[in-house]
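Reading through the structure tokens given below for one structure.
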Amino acid sequence: AIAEAIEAAVNDGEIAAETDREALQADVSSELVGTGPLGELVADPTVRGLRLNGPKSLFVDRGAGVGEPNGRVFATPRSYRQALTTWVGVPDLGEIHGLEEVRLLDGSILRLVGTGLGGELLAVWRRPSIDLPLLPDLVAEGLLDDAQAALIGGALTAGRNVLVVGPAGPARGALMSAIASEIGLDRRVVAVGDGSEVAIAQADHARIGATSIFGSEHLVALEPDLILFEQLDADLIGAWIESSLSAARPVLAAFGATGEVVVDRVLKRLGLALELARKSGVGGRGAAFVGEAVDLVVTFEVDAQGLGRVGKLYDVEGQKDGFAVRPAARR
């Protein structure tokens, strides 16, 4: 049927005679019953993420966090929505208000945002991370040195809570994955996050979506040996603090920061976020709670070439009205 429609359009002068008819037929068929240009991009292992800003605006992320425009577009808004429907694997997406997050069969995450007022759906797709390094691997790559690796590994196995501070990306994700592995590959990890940055080496692990977390009791009920927060934000501050203070098992978390990391300032920001979250019993003592929740801070830096490495490590000691920070010495 598509071939006949193309033939008729060429005869009527609606399509140029020199058009590659087989390629056009394949494109039309893919948009009608498949996922259009999305299928080719998802099949490309170098593509780590996609940003869909409507049928005529598609950007590709190949792991550097930079979106490159894609030359392929959708013919119509209807075919764009149909491709998303086929991708998700449901008969009809229906009306989406706000954010909907879907985990696809390959483990990747698709976020759909409805813009309302008849606007097109916006979407972000992330392939799950596949790098599963250990700390010695990162030492060999120059991401940290032997002394730093020994201190980080010793802290986690001793049950200390570790906070990694630095810009998000594949390098920080590899570091988080390697730190989590120090608890033991035969142990159980419960992670909060979508898995787009941090891969977990342990076979026995469970994930809770960041948008669905209610409190630390849900994490503890899953009997973890390690609790991992892939990326702290205002909505997760309370669960992170509660887990760190009461879970009786180490908590590993990441917090985004760019430029030079000043640990005192980062911890004060987290304390303020806790106060703004209006958690009962916190009052104006957010910094004190954070000081009790964090034992070791690992700073992470990315240079102008996009190469990341561990900066400095700091011990944190909680105090009555806040915390004390000092450079960590090898133990």
Side-chain angles (χ1 to χ4, degrees), residues 129 132-135 138 148-165 172-195 197-210 212-233 235-255 266-267 270-271 273-274 277 279-282 286 288-298 300 310 313-318 323 325 328 331:
S129 178
L132 301 173
L134 302 175
L135 284 178
L138 300 187
Q148 291 172 329
L151 181 54
I152 293 171
L156 205 65
T157 54
R160 305 181 77 208
N161 299 325
V162 178
L163 176 67
V164 177
V165 180
R172 193 186 73 176
L175 175 62
M176 292 285 288
S177 177
I179 295 175
S181 298
E182 289 295 306
I183 198 69
L185 297 181
D186 60 341
R187 308 301 289 275
R188 176 168 171 76
V189 176
V190 172
V192 179
D194 61 19
E197 181 181 351
V198 182
I200 299 176
Q202 287 85 351
D204 184 6
H205 75 268
R207 284 194 178 274
I208 298 179
S212 64
I213 185 68
F214 298 105
S216 64
E217 67 274 12
H218 301 91
L219 303 177
V220 175
L222 294 173
E223 302 181 356
D225 295 300
L226 171 71
I227 298 174
L228 185 152
F229 288 86
E230 188 170 316
Q231 174 62 56
L232 290 179
D233 59 23
D235 294 329
L236 294 176
I237 292 293
W240 168 63
I241 290 289
E242 292 170 4
S243 300
S244 300
L245 295 178
S246 62
R249 61 213 73 196
V251 176
L252 171 63
F255 183 67
V266 168
L267 297 181
L270 288 168
L274 179 63
K279 293 295 180 181
S280 60
V282 173
F289 277 92
V290 171
E292 292 293 334
V294 180
D295 297 310
L296 180 70
V297 175
V298 179
F300 187 75
V310 171
L313 278 60
Y314 298 87
D315 285 318
V316 180
E317 180 181 351
F323 51 81
V325 176
R331 300 178 184 276

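Starting from 1, each residue takes its place in the sequence as its number. Computed from heavy atoms alone, side chains included, the values below leave out hydrogens, waters and symmetry copies.
Of the possible polar contacts, one joining the Gln202 side chain to the Gly184 backbone as a donor-acceptor pair under 3.5 Å is found. Of the possible polar contacts, one joining the Glu230 side chain to the Gly195 backbone as a donor-acceptor pair under 3.5 Å is found. Counting only distance, with no hydrogens or angles, the side chain of Ser177 and the backbone of Ala199 share a donor-acceptor pair below 3.5 Å. Under a 3.5 Å cut-off, the side chain of Asn161 and the backbone N or O of Asp295 do not form any donor-acceptor pair.
Under the rule for a salt bridge (charged side-chain N to carboxylate O under 4.0 Å, His left out), Glu292 has no partner lying at least two apart in sequence or in another chain. When the salt bridge (charged side-chain N to carboxylate O under 4.0 Å, His left out) test is applied to Arg188, the partners found at least two apart in sequence or on another chain are Asp204. Take Asp225 and apply the salt bridge (charged side-chain N to carboxylate O under 4.0 Å, His left out) test, not counting sequence neighbours, and it matches Arg187.
Residues Gln231 and Arg172 meet the side-chain proximity criterion, which asks for heavy atoms closer than 4.5 Å. Leu296 is listed as a side-chain neighbour of Asp315, based on a closest heavy-atom distance under 4.5 Å.
The minimum heavy-atom distance between Gly291 and Phe323, with the atom names listed, is CA-CB, 3.7 Å. Closest approach of Ile237 to Ala273, counting heavy atoms only: CG1-CB, 4.0 Å. Listed here is the closest heavy atom pair of Ile179 and Leu156: O-CD2, 2.9 Å. Closest of all the heavy-atom pairs between Ser243 and Phe229 is OG-CZ, 4.1 Å. The minimum heavy-atom distance linking Ala293 with Ile241 is given by the pair CB-CD1, 3.7 Å. Contact detail for Ile227 and Pro224: the closest heavy-atom pair is CG1-CG, 3.6 Å.
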| query | Could you walk me through whether Leu267 and Leu163 pass the side chain to side chain contact (heavy atoms under 4.5 Å, CB included) check? | reply | CA-CA 10 Å; Leu267 297 181; Leu163 176 67; 4.0 Å; yes

**Prompt:** Run the side chain to side chain contact (heavy atoms under 4.5 Å, CB included) check on Ile152 and Val298 step by step: do they pass?
**Reply:** CA-CA 8 Å; Ile152 293 171; Val298 179; 4.0 Å; yes

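To the nearest 0.5 Å, atoms CG (Leu219) and CD1 (Ile208) are separated by 4.5 Å.
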